[in-house]
Amino acid sequence: MLAPDTSTAGASAAERELLVAEVRRFAGRHVDGNAIERAGRVPDEVVAGLRDLGAFGIALPAEHGGSGLGVGDACAVVEELARWDRSVATMVGLHSGLGTRGIVSLARPDVAAAWLPRLASGECIGAFAATEACAGSDLMAMRTTARFEGDEIVLDGEKSYVTNGRFAGCYTVVARTGARGHALVLVPRGTPGVAIGPEEHKLGIRASSTVTLSFTNVRVPASHLLGSAEGGLDEAYAVLSWGRTVLASGCVGTMQAALDATAQHVATRRQFRRTLGEFPAVRTRVAGMAAMLFAARAVTREAAEAIDRGAPSDHPSMVAKIFASDRTFEVCDAAVQLHGALGVLEDVGVARLLRDCRVTRIFEGANDVLLLRIAAARLTKREAAPRVGTASSHADGCDAVGALLDAAADVLRTRYGAAVVAKQGVLLHLGRAEVAHAAAVASARAAGTRDSDADLADLAVRRLLGEARAELDALAGCIDVDRISARVAERLYGAPPKDRPQAFARPEERP
Amino acid sequence: MLAENDLRSRMQKLVAEILEIDAGTVSATSRLREDLGMDSLGSLELLSSISEELNIHLDIDDAMGIVTFADACSFVEDAMHRQSGGDARA
C-alpha cells in the first residue's frame with residue numbers, strides 16, 4: 001500500500017494566535033450565522049473574504065501557493081469559524097481535510113501542480129465523495145466503480161451526502177476497482193457524465209452544500225488516480241484522520257459559542273430576584289460545560305499534534321471526533337435548556353447551534369461504529385491504555401482507570417476470545433470507557449500549560465474518570481441487557497429473517 | 001468433529017456471506033485484508049461467527065497472525081483439534 005505522508009509542520013503558538021485573531025476580526029464583521037442560515041448558502045462575499053485571508057490554503061504546501069502549515073493550524077481556523085457559523089466552518093474544514101488531503105498526499109507531481117495552487121487560493125474548493133445510499137459507515141458496500149481503460153479511468157455510480165458538492169471545483173471520489181480493491185480518483189467539476197443533484201434539506205448546517213453526485217461513464221485521465229489502484233480504502237482511512245480531526249475542531253468552536261452565549265445569558269437573566277448564574281445548580285452546570293469544552297479542545301489538539309508529527313493518528317482522531325461531537329451536542333442542549341423558552345427561538349442562536357452540531361455525530365463515521373472499532377482495537381492490539389506521562393496531580397487517578405481498562409480488556413479476551421466482537425453491547429461500554437479515559441488523560445496533560453486551566457482540568461478529569469468507571473462497571477451486566485434488548489427489538493420490528501446465516505443467529509435460534 | 005473439507009466449505013460460505021460476494025472467489029491463498037477487503041473487525045467477525053457456530057473458543061491474540069483464508073482454516077482446525085482433546089499441531 002502506498003501510505004500517504006500526512007505529517008506537516010505547524011505554526012508557532014504566537015503565529016497561530018495571530019492567524020486566529022485575523023479570522024476572528026473577519027468573522028465578527030462578515031459572518032452572521034442566522035442570516036447565513038436563512039439565505040441557505042454561504043454568501044459570495046464571505047467566500048471571497050476567506051480567500052483573501054488565505055483560509056483555503058492554510059494546510060496546503062507552500063510550493064503550491066498554500067501556507068504550508070499543519071492540521072493544528074487548520075483546526076484553529078476552523079474552530080474560530082465555527083464559533084460564528086458552522087456552515088462556513090464546514091465548507092473550509094471539509095476543503096482543508098478530506099477535500100484536499102488525498103491530492104496533497106497521493107497525487108502525481110504534475111496533477112498536484114495543476115490543482116493545488118487553485119485549491120490553495122480558494123479559486124477551486126475541494127470535496128470528498130465516499131458515502132453512498134447503501135454504503136455509509138460500511139464503505140466496503142460501495143458500488144461506484146472505477147475501471148482502467150487505456151490511459152483513462154472510467155467511473156460509474158452515485159455518491160450521496162457530498163459536502164461542498166454544489167460549488168466544488170474537484171471531487172476526490174472513492175470507487176471500487178475490481179473485485180475487492182478501491183481507488184481514490186480526482187474528478188474535475190464539469191467532466192462529462194458528472195451530474196449534480198439538488199441540495200438536500202437538512203436539520204442543521206443548512207447553508208452547507210450537501211448533494212448527490214451521479215457518475216455515468218465519466219472519463220478522467222489515468223494520471224488522476226490518487227495513490228494505488230487497489231489500496232484506496234486504506235488511503236481513504238488515512239485521509240479520514242485529517243477529516244475527523246478538523247471536524248472535531250469545528251465541534252470545539254460550536255461548544256465555545258454555546259458556552260459564551262450561556263454565560264452571557266445566565267449572568268443577566270433574573271428569576272426569583274437573582275440572576276440565573278447565582279444559583280448553585282446553574283453554576284455547576286455551566287462549569288461542567290466549560291470543563292467538557294476544555295477536554296474536547298485538549299483531545300482534539302492531541303489528535304492534531306499526532307498528525308502533524310507523522311505519528312499514527314487513526315485512533316486519536318477517532319477519539320477526538322467521538323468525544324468532541326458527543327459533548328458538543330450535550331453542551332448545546334444544556335445551552336438551550338439554560339436559555340429557557342428563549343432557547344428555542346431561532347433568532348437567539350443556540351437552537352441553531354444544537355441543530356448544526358447534530359450531524360457531527362454521524363459525519364465521517366457514525367460514533368457508534370467508531371466506538372466498536374476503538375474497542376476492537378483495544379482487544380486486538382494489546383496496547384496499554386495511555387498514561388498521563390507528565391507530572392500531574394491527576395496522574396494517579398488516570399493511570400488507575402487506565403489499568404482498569406487494560407484489565408477489562410484482558411478479561412474479555414480470556415472469556416470470549418474472538419467471539420467478543422459479537423458482543424456489541426460489551427464493546428460499546430469498553431469503547432466509551434476508553435474515549436472518556438483518553439479525554440481525561442488529554443485534559444490532565446493540558447492542565448499544566450496554563451495556571452488558569454487547572455480548575456477546568458480538575459473538573460474534566462474527575463467527571464470523565466467517573467464516566468469511564470461507570471462504563472466499566474456496566475460491562476459486567478450487559479450480557480443480560482443484550483439478551484433483553486434483543487427481545488425488545490424483536491417485538492418492536494420483528495424477528496430476524498429466517499434465511500439469516502446460522503452463524504449470525506443466536507444460539508437459542510439454531511436447530 | 002467436522003471433516004477438513006466440510007469446515008473449509010463452511011468457512012468459505014461464511015466469508016462470502018459476510019462480504020456479500022460469490023463463495024467461488026474465496027480461495028486458499030486469498031488474503032483476508034488485501035484480496036478480500038476484510039478489515040480487522042471483519043476478520044474477527046468471521047472468527048466470532050465460526051466460534052459460535054462450532055462452539056469452540058478461538059484465542060483473539062493468536063488470531064491476529066492470520067493473513068490468508070488458508071491460515072484462518074488452519075487456525076480453526078488447530079483450535080478444534082486442541083479442544084476435542086487431541087494434540088495440538090506443530
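Numbers restart at 1 for each chain; the letters A, B, ... are given by sequence-line order, proteins then strands.
- Residues meeting the side-chain hydrogen bond (donor to acceptor under 3.5 Å, both in side chains) test with A/D368, sequence neighbours left out: none.
- Partners of A/E132 by side-chain hydrogen bond (donor to acceptor under 3.5 Å, both in side chains), not counting sequence neighbours, listed by chain and number: A/T144, A/K159.
- Counting all heavy atoms, side chain and backbone alike, A/K423 lies closest to B/E52 at NZ-OE2, 3.7 Å.
- Considering every non-hydrogen atom in both A/A418 and B/S48, the closest pair reads O-CB, 3.3 Å.
- Here the shortest heavy-atom pairing between A/T414 and B/H57 reads O-CE1, 3.2 Å.
- For A/Y161, the OH atom is loosely surrounded, since the number of other residues' heavy atoms within 6.0 Å does not exceed 12.
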